[in-house]
Amino acid sequence: MTSFREIPPGTAYAGPETLNDAVIRIAGNSQDGIQSVGAMLARLAGRSEMDVMTYMTIPATISGGPSIFQVHMGSGRVLSAGDAADILVAFYQHSYDDHLESLRDGGVLLYDSTNVEPDLDVLRERRITPVPVPMTSLTIEILGGTGKKKGKNIFLLGLLAQAFRLDMEKIRRLLGEVFGHKDESVLRNALLALEGGYAYSIGDMQSFFTFEEPRHEAGEAGVTKVTMTGNQALAYGAVAAGIRFGAAYPITPWTEVMEQLRYDLPRYGGSFIQTEDELAGIAAALGAAYGGVPSMTGSSGPGLALKSEAISFAVMAEIPLLIVDVQRGGPSTGLPTNVEQSDLNLALHAGHGDAPRVVMAAANVEDCFHLVIEAVRIAHEYSVPVIFLSDQAIATRIEAFPLPDLTSVLQFPGAKPETVDSYKPYPLDRITRHMPPGTRITDGKYPNVTGLEHDEFGHPSANPKVHMAMTAKRRAKLEALAETLPRPAVQGPKAGELLLVGWGSTMGVIREAVDRAAASGVEYSAIHLRHLNPLPPGLEELFRRFERVLVVEMNDRDANGCGQLARVLRAQYALPHIGGITKTDGLSFRIGELLARIEETVGGHAVFVGPAVSHANPNH
Amino acid sequence: MTSFREIPPGTAYAGPETLNDAVIRIAGNSQDGIQSVGAMLARLAGRSEMDVMTYMTIPATISGGPSIFQVHMGSGRVLSAGDAADILVAFYQHSYDDHLESLRDGGVLLYDSTNVEPDLDVLRERRITPVPVPMTSLTIEILGGTGKKKGKNIFLLGLLAQAFRLDMEKIRRLLGEVFGHKDESVLRNALLALEGGYAYSIGDMQSFFTFEEPRHEAGEAGVTKVTMTGNQALAYGAVAAGIRFGAAYPITPWTEVMEQLRYDLPRYGGSFIQTEDELAGIAAALGAAYGGVPSMTGSSGPGLALKSEAISFAVMAEIPLLIVDVQRGGPSTGLPTNVEQSDLNLALHAGHGDAPRVVMAAANVEDCFHLVIEAVRIAHEYSVPVIFLSDQAIATRIEAFPLPDLTSVLQFPGAKPETVDSYKPYPLDRITRHMPPGTRITDGKYPNVTGLEHDEFGHPSANPKVHMAMTAKRRAKLEALAETLPRPAVQGPKAGELLLVGWGSTMGVIREAVDRAAASGVEYSAIHLRHLNPLPPGLEELFRRFERVLVVEMNDRDANGCGQLARVLRAQYALPHIGGITKTDGLSFRIGELLARIEETVGGHAVFVGPAVSHANPNH
Amino acid sequence: MVHTVNDTPVCAEQRPPLTRADLKADKPTWCPGCGDFSVLAIYQKLLEKKNLPQESIVTLSGIGCSSRFPYFVNTHSVHFIHGRILPFATGLSLSRPDLHPIVFIGDGDAYSIGGNHFDHCARKNVRLMVVVMDNQVYGLTKKQTSPTSPVGFKSKTDPWGSKVTPINPTKKLISSGATFVARTAASNPNHMLEMMEAALDHDGFSVVECFSECVQFNPGSFDAAVPRKGGAYPPVPEDHDVTNEEAAYALTREPFPGHFGIYFKVDRPTLNETEGGLAESPTSDTALKDVRQQLEASLRQLT
Amino acid sequence: MVHTVNDTPVCAEQRPPLTRADLKADKPTWCPGCGDFSVLAIYQKLLEKKNLPQESIVTLSGIGCSSRFPYFVNTHSVHFIHGRILPFATGLSLSRPDLHPIVFIGDGDAYSIGGNHFDHCARKNVRLMVVVMDNQVYGLTKKQTSPTSPVGFKSKTDPWGSKVTPINPTKKLISSGATFVARTAASNPNHMLEMMEAALDHDGFSVVECFSECVQFNPGSFDAAVPRKGGAYPPVPEDHDVTNEEAAYALTREPFPGHFGIYFKVDRPTLNETEGGLAESPTSDTALKDVRQQLEASLRQLT
Ligand SMILES: Cc1ncc(C[n+]2csc(CCOP(=O)(O)OP(=O)(O)O)c2C)c(N)n1
Ligand SMILES: Cc1ncc(C[n+]2csc(CCOP(=O)(O)OP(=O)(O)O)c2C)c(N)n1
Ligand code: SF4
Ligand code: SF4
Ligand SMILES: [Mg+2]
Ligand SMILES: [Mg+2]
């Protein structure tokens, strides 16, 4: 521990800071179980009523390879996975080499001194505190030869528990839950490694910072939180929404949703099947939906593309269906394990002909639960397919959110066969609500459900007036839906120089950026859109109150600098002051990056765009 | 012939008119061979250096059923298939009942008096001249029992030859070409029926109008014309463009393109295969294109939707490919035999991720030949898939256009394997030009062509900078293409109150509407877009010179009244004075209809919107 | 068979029996003389004979002349997209065990664009009856080569005659694991009725491959199987063991017109059985309380 | 074999022989111990042995662990999309008869999403060699049930064990008309080489179904076929007649691990032969004059 406490020359040591939220980045290989230790940290944070958000990368190799897991936990409103880390944990030399940059000046480097040799000069210059721990050798010491592979992550958990003064009782209980159903020795070893890490002296790290478990804002105290990934939340949300049948084909990063539903749905009297391909997936889901059972399919971009033809059918035949797209980098096979928001165009336009459908996008993990319930409700209320967009970042990151009040959110929009006098499947005077097969129709005229243009009974018709009327009908129901949508809440002033517009997983970053700008005395505003088609009311008026509207999205720009949503808004409102901030590097926006891009675009503001420290509360 | 020459009471007979172009509508059943007599009329008109355009409907039943064929032939610039007919030929009572409305007041009703009984009061009121001819019985008389079915159409051709003073020598030659390769008796019977119709006295019809074979504008005289449908032109155009491989699946109204190419390509050392489905079709075409052979696939809306995933690959892997979509009514199976322009959104956005591709649209039959050559050139020059839009109207109608000068238009953009020192498939400093397999690379490094994001050699890369650079590269090449595109010519004043914007098969109607408005003293302007992505330069500036820009298209409108292209233009230029005139009845715009819609939209102009007579040149 | 429609078991006897008049719908738009008329008539006869509750019958199709079927029979019906009706029907079959989904499609829909779905429905043994109306041509799109068109067949996409080996439907079905495979012809209504009835009675994936002549684009194609046109209609040999896969396979290799009758019939658990969940009628909403308890328990594990 | 590359016949002898070093490309990203390494090694050995002109070899794949193949071998190569490489390779094979297109894909790519293309390539007898690297699991997406996963296989999509009958690849291939069908295992490199060589030499659609263990998600799956792990590697019986379809079919029905070797091999005209047009190398532009004459003649008929 030679370098511990070394203060960089020329930098006055200002005493410990108090962090009330902290970003921990763990860098190693994916085999090291860093995901699971990260997930446990997140769970712990959730249980302590802290906010938490995680972020991870997945290696390019098929199994194994360098990987990181980042946890942002702490006070009040953790909205992004964090920018620069307060603590970097480096298991290997490559972890150190690749990630030192992401550690903020003045942060802590916790490294496995069995494998890593840091450049002390650099650390000194950047006021980084190195904390060497021979993690590999200590774990082997504690657990014997196999510990190197299996226990290092839990040892690290112990170390972090020490550094952050986490509640060891809670951790032990968590380990019990995680490993309890396995061979007894597994849990015993885990506990051994944990205690080892907790006991290992990392010196007076607290003299650099103290982590204070945040007090919660009024109203939030005592709230029980659940901690999970976006894909998990989506699967649970689907159950709560009433989905009882699903059919799909695996693809990253969508697969976990179907895996979980395949496992869970039978408990609810439902079923989720793996089909031979995506075309069969949507077809089977449509078949069950036609049967009156709330149904879903899902995929990532390539699979959504394959479902295009059937989406057009769902619009024409007016069948309610939830279609999930967990977006990844495109086009084609693209960047399967990176984030991008480049499927919006496809979501809006997949399929041929005039085929209006609903498109919604989750802003975070909690949305994956709650918004999907709304999506399924809309699908059934308007007999329309709803494309629900998530993305790789939301899908894989862990967040804590309040345990949903199921009594108020549960729904079951399924249709039960009844006996009716007569029935028109496609009435022109109201929104289609299908009666499922099994419905007895006493006037003896049974309906056709069809992809051909049809009259009110579902008979094929090429009559010009019929096609006009039916086309208008399919459009008008979305216009009716639009009127019912909530106007998005504005963060910041209701009028002014700049309005940022976000959708999908950029929400947290945009919010923090606006907060940080405000802290620097610059007033930006922001809204976040969850309904992308139809759009909620009031946007035009709102946009007109700002000098500039910038849509922040992770996809490519056009000649005007506009990304995919920005173009939709321009098409809708023809307002030339709508522009865009886009990017295509396959990574989530960082706060500093976004602020810099805003400055670059609007020019001349004095927003602080250096490394992220706003979440640290300097105490000196 | 009781009513012949009866002049409606209260209508002063004003002597014969001279038509220099004429619209003939033949209404019967599809078994009657009205398509073939219509096609022969069109061929004849083409051979007489007349302009010609046809229009037909297809029955809803699988084979047979009511059907019409309309021929517009005549002077100078025949741009639409015509509005109201000058002559209606009615084979059956239902033909009369359904189509009398489409005959202009003062026109001629030629009907099979064996089957039709017209309402003479109505005719009188509308100043329509009835010409009864017992076609069925006369044809049976001439040809014997089977003539009823087989010869009535040719008998009609004879009648029309008489009425329009067509050149019988040309007609006889044409019949020889059409029937010459069949059993000798077939031709003999056809000639008998022809002469019978020509000789049958229809009285002094010329006292109602005289058809004058138009003189051509300078420069056009002596021009040899070819007469064909849009689908035929597309197939020939593909050959001229250098296409040597194709793969597709049948679907109306695309099928004839593949049928003809399947038959023709082997003569050019090529091949067109029918695959098991549309996904295989585009995959096989991509395989051949990768092999360096200019290749194509095609379909109608449902099939284009199925090709979505592979289109995204073509963009990513930068493979040149011609993808034809002959649009029909949608969504889903929709209106398979009607016209609609509702696949533009899909053409622009089919496939996931940021996937820029070229989209072009043919304006008429001639374009199907020439524009497809440009499309294939662009595909190869920019290594990009090009989606080429036609529609049911263009596909099935017959037009005459000047015999192409093949020496100047033929191309072969295929890539030949060579020997090179080294090769990067995806260079960042210039536009990708693939070297096909077979290329010997002496530095020994062979390339990967891939749908994963990749570095310059085609190796997979998730490097953020690489994805940014490659995404930008794929976008930038279309920006480069845009700069080379011709600015669309403006019909009418270069600035003013109203600019109409058309694309696809609406061109003729828009032009005639502008002409007709001008004749009424109202000055509209129009442009027609063939390049829909990227857009040609200069549009913004042009649009700003008009008070109102209305995009005329056959698809559904949004809340602003904008159709699919109008939304693209608004997204691009954010000009609120861009609006739309759209329709969704599955039929082509008629000129009067369009003028009425313009008036309705812009208000208060005194454009004549009654039944179409502008092409008749009243002589009284 | 007892059905749970409207939550109470409905016995067919409580109602007047289903008649063919009840089952009439739109006038068929097929060409006069098309074999499909006969398939339709026999289907209506079958439904009349079985006297199933009308509302429990679902007639499903893809796209093609044959797939116009649903409009011509008065039951709940779906006219889906080309080639995908099997997975659609799978979803319906799994989620609504009280219904009788019956699929009618053409050879192109079934074996060209939809071929893969057949194989997977077969191996999974989805409870589903399918009638393939095989006219060995694409009828609706006006005469292109179909996957069952024989070598030498001249079509608009094979003007010189097709040169590729056609798909052998019964071979494909047996080898991919269908548990009921029969072969019949629209020209033999009695036999067709017999085969359809056996298929309907089979618990599993049952396919009737049925010659149905396209008089417009492939006239005379099945004359060799029509005795009154000088052909033969050889039945499956009496001693054929329908549970013997290899024997059934051998039967599929006989030269045209082959044999007619049941080629293969075995029992294997259906996907509907192994995917038991949905048997509990999820369309009932009385279970929402249970859903709450179950889901709450799951979520609490993540606190 | 004589190739027309660069318009002049190239005889392999004019160059230094192709070595395995020439064929090395990126370091494979497969998990240590994955069966796919062995398939790659044997492929490189095969290419070395056949000494084909390097530029005439095209290595093609779909999507999956196995489909990463093209990056690891230094030839012209294509990494296409999931399930569609067979029609892609068909287009290439038909339009470039001078090349050697060789496809490597996984069981999911081949028999699940891509299953229909197999049947149609088989019946059309496209000149194409395919190696299916069957690990009976979805590797790349991390352990879902594949169409070849055995009953009882526990995966993330079948946590209770799969209950459906898997696809039998050789059965599927033989019944759909493939003209060369062999079975081998990555654990037996010599046998694999023999099979691949026979497949490459076959003129038509040749498929090698090859067990390749996924040590990550399906370890030990093929132990029963690995003698050094106590299993057996039974060859196709010596008296098996590879041209006898029924015998080959019977062979496919043997219990796991079945037999290894050539099951079926017959000669039938290839699609490449019957679609003769492209044999004339359309990549040559010297023919533009002929094109003009021909097209002019066609157009003049429409004047
Ligand atoms: C995706 C798609 N591709 C193609 C078509 C066009 N199409 C309609 S029916 C059909 C084939 C008809 O043949 P078959 O299935 O044998 O039925 P048949 O008309 O002979 O009864 C085709 C290719 C379509 N509707 N949708
Ligand atoms: C259209 C599409 N659907 C799904 C996927 C996701 N996916 C990639 S590989 C794969 C299956 C892998 O299994 P297999 O083909 O057996 O190859 P293996 O990885 O086992 O070698 C899947 C489902 C995809 N890339 N594209
Ligand atoms: S085209 Fe053929 S299959 Fe279609 S209705 Fe007519 S006869 Fe029947
Ligand atoms: S996951 Fe399985 S198939 Fe994929 S590389 Fe690893 S061991 Fe091989
Ligand atoms: Mg058919
Ligand atoms: Mg596999």
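In the text below, chain A, chain B and the rest are named by the order of the sequence lines, each starting its count at 1. Heavy atoms only: backbone and side chains are in, while hydrogens, waters and symmetry mates are out.
Using a 4.5 Å cut-off between heavy atoms, Ala400(B) does not touch chain D at all. Contact annotation for Asn74(D): both backbone and side-chain heavy atoms come within less than 4.5 Å of a heavy atom of chain B. If you measure heavy-atom distances from Thr275(B) to chain D, the contacts under 4.5 Å come from the backbone alone. Looking at Ala280(B), both its backbone and its side chain come within 4.5 Å of chain D, counting heavy atoms on both sides. Only the side chain of Leu403(B) comes within contact range of chain D, with at least one heavy atom under 4.5 Å from a heavy atom of that chain. Neither the backbone nor the side chain of Ser295(B) comes within contact range of chain D, judged by heavy atoms closer than 4.5 Å. If you measure heavy-atom distances from Pro436(B) to chain D, the contacts under 4.5 Å come from both the backbone and the side chain. Contacts of Ala317(B) with chain D are absent, with no heavy-atom separation under 4.5 Å from either backbone or side chain. Both the backbone and the side chain of Val78(D) come within less than 4.5 Å of a heavy atom of chain B.
Looking only at heavy-atom pairs under 4.5 Å with chain B, the residue among Val73(D), Val58(D), Thr90(D), Thr75(D) that has the most is Thr75(D). Interface check for chain D: of the options Glu309(B), Gln232(B), Gln411(B), the most heavy-atom pairs under 4.5 Å are formed by Glu309(B). Of the listed residues (Ile441(B), Ile282(B), Ile273(B), Asp264(B)), the greatest number of heavy-atom pairs within a distance under 4.5 Å of chain D belongs to Ile273(B). By number of non-hydrogen pairs under 4.5 angstrom with chain D, the leading residue of Arg267(B), Met435(B), Met228(B), Lys445(B) is Arg267(B).
Under the 4.0 Å criterion applied to side-chain N and carboxylate O atoms, Lys416(B) and Glu418(B) are not assigned as salt-bridge partners.
Judged by distance alone, with hydrogens and angles left aside, the side-chain atoms of Thr432(B) form no donor-acceptor pair with the main-chain N or O of Ser383(B) at under 3.5 Å.
Two rings, from Tyr111(D) and Phe118(D), have their centers less than 6.0 Å apart. Ring centroid separation for the pair His454(B) and Tyr426(B) comes in under the 6.0 Å cut-off.
Looking at Val409(B) and His370(B), their side chains come closer than 4.5 Å, going by heavy atoms from C-beta outward. A 4.5 Å side-chain heavy-atom check between His117(D) and Glu276(B) finds at least one atom pair inside the cut-off. Counting heavy atoms from C-beta on, the side chains of Gln54(D) and Leu23(D) come closer than 4.5 Å.
With respect to Asn125(D), the side-chain hydrogen bond (donor to acceptor under 3.5 Å, both in side chains) criterion is satisfied by exactly one of Thr179(D), Thr270(D), Asp203(D): Thr179(D).
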| task | Using the side chain to side chain donor-acceptor pair (under 3.5 Å) rule, take Tyr446(B) and Thr439(B) through it: C-alpha gap first, then chi angles, then the decisive distance, then the call. | result | CA-CA 9 Å; Tyr446(B) 284 87; Thr439(B) 299; over 6 Å; no

